[in-house]
Amino acid sequence: MSAIIFLVILVGIAVVLIGMYNTLVQLRVRCDSAWSDIDVQLKRRHDLIPNLVETVKGYAAHEKGTFENIAKFRSQAMQATTPADKAAAENQLTGALKSLFAVAENYPQLKASEEFTQLQGSLSQTEDSIQNSRRYYNAVVRDLNTKIQSFPTNIIAGMFGFSARQFFEAPEADREPVQVKF
């Protein structure tokens, strides 16, 4: 009789351990999938940028420094691999794009261009998609990291080499409150 009870307890422990392991695997796969979604949106953004630059170049050819910065930051963003590196590179690229749109403000005929308007709209949609993908990725990373650090799942995570993931975060400058002056 005691052997049966021992066997039932052993099977119960095995089921719980398998459940914890499977939960960690599911979260890891969701993290990979969410990161892939971000990557797809960033690639779409990278593909739109040359068209946008070429459109603006036609109207503002003398803004060479702006165009060079965009090309440089786009290249860096495409080569970044870790979430932290990619976030930093993408934020530099975002800053360069803001300066491109500032240049566009000086050219009313460019702002009225249908091609420029369509590209700007596509870029805006892509930015929204990136933001949504980033939020989802960070939520999944939060869940995975919590499981990895919580007892008793942390034991299983350590045994099978599960490691915490990095969040895809905005830079410190974007976290500061915006100053409004009248």
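Atom set for the values below is all heavy atoms of this structure, side chains included, hydrogens, waters and symmetry mates excluded.
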Test log, rule side chain to side chain contact (heavy atoms under 4.5 Å, CB included), inputs R44 and D47: CA-CA 5 Å; R44 181 173 174 222; D47 291 346; 5.7 Å; no
Criterion salt bridge (Lys or Arg N to Asp or Glu O under 4.0 Å) on E68 and K72, from CA distance to verdict: CA-CA 6 Å; E68 288 172 352; K72 178 177 83 174; over 6 Å; no
Stepwise side chain to side chain contact (heavy atoms under 4.5 Å, CB included) test for L100 and I49: CA-CA 10 Å; L100 179 71; I49 290 170; over 6 Å; no
Worked check of side chain to side chain contact (heavy atoms under 4.5 Å, CB included) between E54 and E115: CA-CA 11 Å; E54 286 303 314; E115 182 181 9; over 6 Å; no
Side chain to side chain contact (heavy atoms under 4.5 Å, CB included) between T94 and R45, intermediate numbers included: CA-CA 10 Å; T94 297; R45 179 187 196 209; 2.6 Å; yes
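Taking every heavy atom of both residues into account, L93 and A77 meet most closely at CD2-CB, 4.3 Å. Across L144 and S163, no two heavy atoms sit closer than the pair CD2-O, 4.3 Å. Across F116 and T55, no two heavy atoms sit closer than the pair CB-CG2, 3.9 Å. Closest approach of F151 and N154 over heavy atoms only: CA-OD1, 3.5 Å. Closest of all the heavy-atom pairs between N91 and E169 is ND2-O, 4.0 Å.
In the hydrophobic clustering of ILVMFWY residues, with side-chain heavy atoms under 4.5 Å counting as a link, I13 and Y21 come out together. L48 is connected to F101 through a chain of hydrophobic side-chain contacts under 4.5 Å among Ile, Leu, Val, Met, Phe, Trp and Tyr, so both are in one cluster. Follow the hydrophobic side-chain contacts under 4.5 Å out from Y136 and you never reach L27; the two are in separate clusters. Under a hydrophobic clustering in which Ile, Leu, Val, Met, Phe, Trp and Tyr are joined whenever their side-chain heavy atoms come within less than 4.5 Å, directly or via other members, V29 and V141 fall into different clusters. Under the 4.5 Å side-chain heavy-atom criterion for grouping Ile, Leu, Val, Met, Phe, Trp and Tyr, L24 is connected to M159 within one hydrophobic cluster.
A distance of 10.0 Å separates CD of Q125 from CG of L123, quoted to the nearest 0.5 Å. Within the model, atoms OG of S33 and CD1 of I38 stand 10.5 Å from one another, a figure rounded to the nearest 0.5 Å. Taking CD1 of I148 as the reference point, atom CD1 of I156 lies at 12.5 Å (rounded to 0.5 Å). The CZ atom of F67 sits 9.5 Å away from atom CG of L52, with the distance rounded to the nearest 0.5 Å. For the atom pair S133 OG and D128 CG, the distance stands at 10.5 Å (nearest 0.5 Å). In this structure, M20 CE and F160 CZ are separated by 11.0 Å, a value rounded to the nearest 0.5 Å.
For the side chain to side chain donor-acceptor pair (under 3.5 Å) test, no residue two or more places apart in sequence or in another chain qualifies with S113.
With hydrogens and angles disregarded, no donor-acceptor distance shorter than 3.5 Å links the side chain of S124 to the backbone of Q120. A donor-acceptor pair is defined here as one N or O able to donate and one able to accept, closer than 3.5 Å; no such pair exists between the side chain of S150 and the backbone of T153.
The side-chain hydrogen bond (donor to acceptor under 3.5 Å, both in side chains) test with H46 singles out one residue from R74, E90, Q41, and that residue is E90.
The number of heavy atoms from other shown groups lying within 6.0 Å of CD (Q109) is above 12.
Every pair tested for salt bridge (charged side-chain N to carboxylate O under 4.0 Å, His left out) that includes a residue from residues 136-152 fails, sequence neighbours excluded, so the list is empty. Sorted by first and then second residue, the salt bridge (charged side-chain N to carboxylate O under 4.0 Å, His left out) pairs involving residues 13-39 (not counting sequence neighbours) are D32-R165, D39-K86.
Relative ring orientation between F168 and Y137 is described as perpendicular, the plane-to-plane angle rising above 60° on a 0-90° scale split at 30° and 60°.
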